[in-house]
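First listed ligand is number 1; within each ligand, the first listed atom is number 1.
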Amino acid sequence: MKTTETPDERSRLALDLARSVAVALEEDLSRQQRVTLVVSGGSTPKPFLQALSAIELPWSRVDVTLADERWVAIDDDDSNDRFVRTHLLINHAAQACFHSLVNDAAGPEEGAAEVGERIAALSWPASVVVLGMGGDGHTASLFPDSEQLSAGLESDETVIAAHAPSVSQPRISLTRHRLMQSRRRYLHLTGEDKKRTLAAAMAGSDVHELPIRAFLDASLALYWAP
Ligand SMILES: O=C1O[C@H](COP(=O)(O)O)[C@@H](O)[C@H](O)[C@H]1O
């Protein structure tokens, strides 16, 4: 099915989302010393991260981390770490403190305990979590075909190691439990295909079929453009 890209609408959406996130961070920074911002990887967030980076804020008091990560070297093209450093930790946001979801361990199973401790030590609830969604209804690295999906949706750990036949690299993901420890949650989507997936998610209730369902509550702010 054809998806028509409309860059202007996507750029406007990214700017709207960036402004909304910045207002939220500023509001929390007026009441507390440090705030936590959780962002997603993938391709969709690039213009949002760039727009957010250009907004003036007391960024040195903002801790940034990821909803999920591929267990690859931080200079790998597929690294969300690299993605955030390239597109968010620039301009004003270069002053933010970034907390990676990877370490030197051989794989996410070996590395998860240390990463989880480090991420749990940030200021929670997070001010803002910005989620993305794949066409299969996954969010973060909570994939419908993953053996670790139940753990990701139900465990009270901070992170889980995740594998799925549909993706080539091992992953590490914040759990639903940790992602829900947030004052504000946004879902940032583009394209007709994702709109259809979201509509399907809204029409049913099996979180194992479409994991994004586990996050669809009245407080989730939807940001979509064609
Ligand atoms: O694998 C991932 O995919 C989703 C969506 O990515 P996109 O490229 O379609 O924007 C993302 O939200 C998730 O964090 C990422 O690891």
Extract all donor-acceptor atom pairs below 3.5 Å that involve side chains of residues 16-26 and protein atoms in other chains or at least two apart in sequence.
unit_1, atom_1, unit_2, atom_2, d
S20, OG, Y186, OH, 3.0

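To the nearest 0.5 angstrom, L142 atom CG is 5.5 Å from F215 atom CZ.
Applying the salt bridge (Lys or Arg N to Asp or Glu O under 4.0 Å) test to pairs two or more places apart or on separate chains, those with a residue in residues 110-127 are E114-R118. Residue pairs satisfying the salt bridge (Lys or Arg N to Asp or Glu O under 4.0 Å) criterion with at least one member in residues 140-161, sequence neighbours excluded, are absent.
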Identify the protein atoms, limited to N or O, that lie within less than 3.5 Å of an N or O atom of ligand 1, and list each pair with its distance to 0.1 Å.
unit_1, atom_1, unit_2, atom_2, d
ligand 1, 1 (O), R70, NH2, 3.3
ligand 1, 1 (O), H138, NE2, 3.4
ligand 1, 1 (O), R171, NH1, 3.1
ligand 1, 1 (O), R171, NH2, 3.4
ligand 1, 3 (O), H138, NE2, 3.0
ligand 1, 8 (O), S43, N, 2.7
ligand 1, 8 (O), S43, OG, 2.8
ligand 1, 9 (O), K194, NZ, 2.5
ligand 1, 10 (O), S43, N, 3.3
ligand 1, 10 (O), T44, N, 3.0
ligand 1, 10 (O), T44, OG1, 2.5
ligand 1, 14 (O), D68, OD1, 2.6
ligand 1, 16 (O), D68, OD1, 3.3
ligand 1, 16 (O), D68, OD2, 2.5
ligand 1, 16 (O), R171, NH1, 3.1

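The pair D78-R70 does not count as a salt bridge, with every side-chain nitrogen at least 4.0 angstrom from each carboxylate oxygen.
Between the side chains of S219 and R184, no donor-acceptor pair is found at a separation under 3.5 Å.
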